[in-house]
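Below, read A as the first sequence line, B as the second, and so on, with proteins coming before strands; counting in each chain starts at 1. These numbers come from the heavy atoms of this one structure, side chains and all, not from hydrogens, waters or symmetry mates.
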Amino acid sequence: MADRQRITPRAEDFNAWYNDVIMRAELADYSPVRGCMVIRPRGYRIWELMQEALDGMFKETGHENAYFPLFIPQSFLAKEAEHVEGFAPQTAVVTHGGGKELEEPLVVRPTSETIIYAMLSKWVQSYRDLPVLLNQWANIVRWEMRTRLFLRTTEFLWQEGHTAHATADEAEAETQLILGVYRRFMEEWMAMPVITGVKTESEKFAGAVRTYACEGLMQDNRALQAGTSHFLGQNFARAFGTQFQTASGELDYVWSSSWGVSTRLVGGLIMTHSDDVGLVCPPRLAPTQVVIVPIFRRDDERTRVIELGNRMADELRSDGIRVLLDERDGMKPGAKYYEWESRGVPVRLEVGPRDVEKRQAVLARRSGGKAPVSLDELGAGVRGALDDIQVTLLAAARERREANTYRGVDQGQLIEIMEGPGGLAFGGYCGS
RNA sequence: CGGGACGUAGCGCAGUCCGGUAGCGCACCUGAAUGGGGUUCAGGGGGUCGCGGGUUCAAAUCCCGCCGUCCCGACCA
C-alpha cells in the first residue's frame with residue numbers, strides 16, 4: 001500500500017485530525033497572511049447554505065438586512081467603557097490612506113455596535129420608529145494571538161443582528177427569540193444539539209448587560225460556543241445618545257440587543273459529525289448531497305451508464321437535490337468512493353451495466369449501508385435517505401451529549417443553564 | 001510573548017549526526033491495458049534544499065543571524 005495521504009485518527013490527535021479533515025475535504029487552506037484563512041469553494045458552499053437558512057429565519061422573525069462600513073472612527077469604540085476595554089487590544093487600525101496620515105485612525109470593525117448606534121441616533125426620534133430590527137452579513141477582524149481554521153481566525157465572516165426597542169422587556173424578548181432561532185438552526189440544520197445558558201460575567205460580551213449562548217458538544221468532549229445573543233440594556237444608547245420620545249412625551253434611551261453567529265459554525269459542524277475517514281456533513285448543509293458514480297468496462301457500457309447517470313442527475317436536480325455526476329475517466333470507482341466519502345457527501349448512487357438492465361441504482365450511505373433503489377422511486381428513495389441521515393446524525397450527537405461525556409474541566413463558563421442536562425461543566429473550546 | 005516541533009518538487013517525507021553528482025512515495029503529463037471499494041505497466045516533466053552571512057577545494061549537511069509555519073500555553077468580545 002502506497003503512502004496514501006492519511007487522516008490522523010481522532011483518538012491519536014484530535015487537533016491534527018481536525019486540520020486533516022479540512023485540508024482533505026478542501027474546505028479551506030492557510031493564507032499567506034498570518035492568522036487568516038482562505039475558504040475554498042467546498043467550504044464556502046457550506047457557509048452559503050447556512051446563510052440561506054439563517055437569513056430566511058431572520059426575515060421570518062421580522063428582521064431586515066442592511067450594511068454598515070468596514071471602518072469605524074477610533075473614537076467611537078471608546079464611547080462605551082467596557083466595550084473599549086474588551087475590544088481595543090484586538091483591533092486592527094488604519095492610520096494611513098491615499099498616502100497620507102489620517103487625522104483620526106480608523107478601526108477595522110471587530111463588531112458594529114458603535115457605528116450602528118451612531119446611525120440609529122439619527123434615525124430614531126419617536127417610539128413610532130421602534131423597534132428597529134436589523135441584521136448584516138459582514139466580515140470582521142479581531143487580532144487574535146492564536147488562530148485555528150474556522151474556529152478562530154483574524155478575519156472571519158458572520159452575521160450580526162442589532163435591534164432597538166422601546167422597553168427592556170421587548171429587548172429581552174428579542175434576545176431570547178434569537179437564542180431560540182439559533183438553537184433551532186443548529187439542531188435542525190446542523191444536527192448539532194446545543195445547551196443554552198447565560199455566560200459568566202467574565203465571558204460576556206464587552207458592553208452587554210447579559211450574554212446568552214448556545215454551546216455545542218464536540219467529539220473530544222469539549223464545548224464550543226456556537227452563537228451568542230446579548231441583552232445590551234441601554235448601554236450603547238447612552239454612549240451614543242440614541243434617544244426617543246415615548247407615547248407619554250418623555251425622552252428615553254432605546255433598549256437593545258445584538259447577536260451573531262460566524263464561520264466558526266463550519267468548524268462546529270466538522271467537529272460534531274466527522275470521522276476518521278473525513279468529513280461527515282448533514283444532508284441539509286451538504287454542498288453535494290448525492291454523487292453518482294458510473295461503473296463500466298467497455299465503451300458501449302460507458303455510454304449507456306453515463307446516459308442513465310445524466311437522466312438520474314437531471315431528475316434529482318429538478319427535485320431540488322444537489323447532485324453531481326462523477327464522469328472522471330481513468331479513476332476506478334473505488335477511488336471515487338473514498339474521495340467523496342472524505343468530502344462528506346452523504347449519499348452515493350452507483351450505476352453500472354447491471355443496474356441499467358434492472359432499471360435501478362445502488363444507494364450507498366456515507367456512514368455505511370448499501371441497497372438498490374428502483375428508478376421509479378429514485379426521487380423518493382434519495383429524499384428519504386437524506387432525511388433519515390439528517391435525523392440519525394442529530395440522534396447520534398444527542399446520544400453523546402446525554403451520555404454526559406463533556407470533559408470534566410470545571411471552568412463553568414455558563415451559569416444558569418436553561419436547557420439540557422444540568423450541572424455540566426464547560427471546558428471552553430477556544431474560549432468564547 | 002513563552003515552550004515544543006518543523007522548513008528539501010504541488011502534497012507527504014528521507015538525506016543533516018559523520019560535508020563529496022538532490023532522492024523516495026503520492027499527485028501531475030503521454031501511451032496501452034484495467035474498471036461493482038483506493039488499477040497496472042512503460043515512458044516523462046517538475047528543485048534558487050526558507051532567507052542572509054561565514055567556514056571549506058567542496059555546504060541541504062557545520063557555525064552565526066534572520067524569517068516563516070504548525071502544535072501547546074498565556075490572550076480570547
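- Across rC11(B) and rA74(B), the matching P atoms stand 32 Å from one another, rounded to whole Å.
- Using a 4.0 Å heavy-atom criterion, one finds that Phe156(A) contacts the bases of the nucleic acid, with or without backbone contacts as well.
- Using a cutoff of 4.0 Å between basic side-chain nitrogens and carboxylate oxygens, Glu26(A) and Arg42(A) are scored as salt-bridged.
- Summarising the geometry, atom CZ belonging to Phe150(A) is positioned 3.5 Å from atom CE belonging to Met37(A); distances are rounded to the nearest 0.5 Å.
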Distances under 3.5 Å between nitrogen or oxygen atoms of protein and nucleotides 2-7 of chain B:
none

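- Asp20(A) comes within 4.0 angstrom of nothing in the nucleic acid, heavy atoms only.
- At the heavy-atom level, Gly86(A) lies nowhere under 4.0 Å from the strands shown.
- Distance Ile295(A) CD1 to rG36(B) P: 7 Å, rounded to the nearest Å.
- When heavy atoms are screened at a 4.0 angstrom cut-off, Arg354(A) is found touching base atoms of the nucleic acid.
- Among rG37(B), rG35(B), rG36(B), the nucleotide with an atom closest to any side-chain atom of Asp355(A) is rG36(B).
- Looking at Glu315(A) and Arg311(A), no side-chain N of the basic residue comes within less than 4.0 Å of a carboxylate O on the acidic one, giving no salt bridge.
- Using a 4.0 Å cut-off between charged side-chain N and carboxylate O, Glu350(A) and Lys370(A) make a salt bridge.
- When heavy atoms are screened at a 4.0 angstrom cut-off, Gly330(A) is found touching base atoms of the nucleic acid.
- Per the geometry, CZ belonging to Arg298(A) stands 11 Å off P belonging to rU34(B), to the nearest Å.
- Remark: Arg322(A) engages no residue in a salt bridge (charged side-chain N to carboxylate O under 4.0 Å, His left out) (not counting sequence neighbours).
- Taking atom CD of residue Glu203(A) and atom C1' of nucleotide rC75(B), one finds them 12 Å apart after rounding to whole Å.
- In this structure, Tyr337(A) atom OH and rG37(B) atom C1' are separated by 7 Å, rounded to whole Å.
- Only the P atoms considered, rU55(B) is 15 Å distant from rC63(B), to the nearest whole Å.
- Counting any heavy atom pair closer than 4.0 Å across all strands shown, Lys336(A) reaches no nucleic acid atom.
- Among the heavy atoms of the strands lying under 4.0 Å from Gln90(A) is at least one base atom, whether or not backbone atoms are also near.
- If you take CE of Met331(A) and P of rC29(B), they are 12 Å apart, rounded to a whole angstrom.
- Using a 4.0 Å heavy-atom criterion, one finds that Arg302(A) contacts no nucleic acid atom at all.
- Annotation: cation-pi pair Arg348(A)/Tyr337(A) present, NZ/CZ under 6.0 Å from the ring centroid and within 45° of its normal.
- The residues Glu48(A) and Arg45(A) are annotated as salt-bridged, a charged nitrogen and a carboxylate oxygen being separated by less than 4.0 angstrom.
- Remark: Lys79(A) qualifies as a cation-pi partner of Phe76(A) under the 6.0 Å distance and 45° angle criteria applied to the six-membered ring.
- Within 4.0 Å of Glu160(A), counting heavy atoms only, lies no atom of the nucleic acid at all.
- Looking at which nucleotide of RNA chain B each of Ala335(A) and Phe296(A) is closest to, the 5′-most match is held by Phe296(A).
- For Asp13(A) and Ala206(A), each mapped to the nucleotide of RNA chain B holding its nearest heavy atom, the one lying further toward the 5' end belongs to Asp13(A).
- Remark: side-chain polar atoms of Asp275(A) are paired, donor with acceptor, to backbone N or O of Gly278(A) under 3.5 angstrom.
- Note on Ser258(A): nothing from the nucleic acid sits closer than 4.0 angstrom, heavy atoms only.
- Between the CD1 atom of Ile292(A) and the P atom of rG36(B) there is a distance of 18 Å, given to the nearest Å.
- In this entry rG10(B) has rC26(B) as its Watson-Crick or G-U wobble partner, both defining distances falling under 3.5 Å.
- Contact annotation: Lys370(A) side-chain N/O to rG37(B) OP1/OP2 distance is not under 4.0 Å.
- If you check rG36(B), rA74(B), rC76(B) against the side chain of Glu350(A), the one that comes closest is rG36(B).
- Across rA59(B) and rG54(B), the matching C1' atoms stand 11 Å from one another, rounded to whole Å.
- Residue-level contact check: Val293(A) touches neither bases nor backbone, having no heavy atom under 4.0 Å from any strand.
- Counting any heavy atom pair closer than 4.0 Å across all strands shown, Pro353(A) reaches a base atom.
- Separating the CE atom of Met145(A) from the C1' atom of rC1(B) is a distance of 7 Å, rounded to the nearest angstrom.
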Enumerate all atom pairs, one protein N or O and one N or O from nucleotides 68-70 of chain B, separated by less than 3.5 Å.
residue, atom, partner, partner atom, Å
rU69(B), OP2, Arg34(A), NH1, 3.3

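- Here the side chain of Glu144(A) is nearest to one of rU39(B), rC71(B), rC76(B), namely rC76(B).
- A side chain to side chain contact (heavy atoms under 4.5 Å, CB included) with Glu155(A) is found for exactly one of Val108(A), Ile140(A), Asn139(A), Thr147(A), namely Asn139(A).
- The interatomic distance linking Trp143(A) (CH2) with rC76(B) (P) rounds to 18 Å, in whole Å.
- Salt-bridge check for Arg302(A) with Asp329(A): passed, with a basic side-chain N closer than 4.0 Å to an acidic carboxylate O.
- Nucleotides rG2(B) and rG19(B) place their C1' atoms 35 Å apart, quoted to the nearest Å.
- Between the side chains of Thr175(A) and Ser229(A), no donor N or O sits under 3.5 Å from an acceptor N or O.
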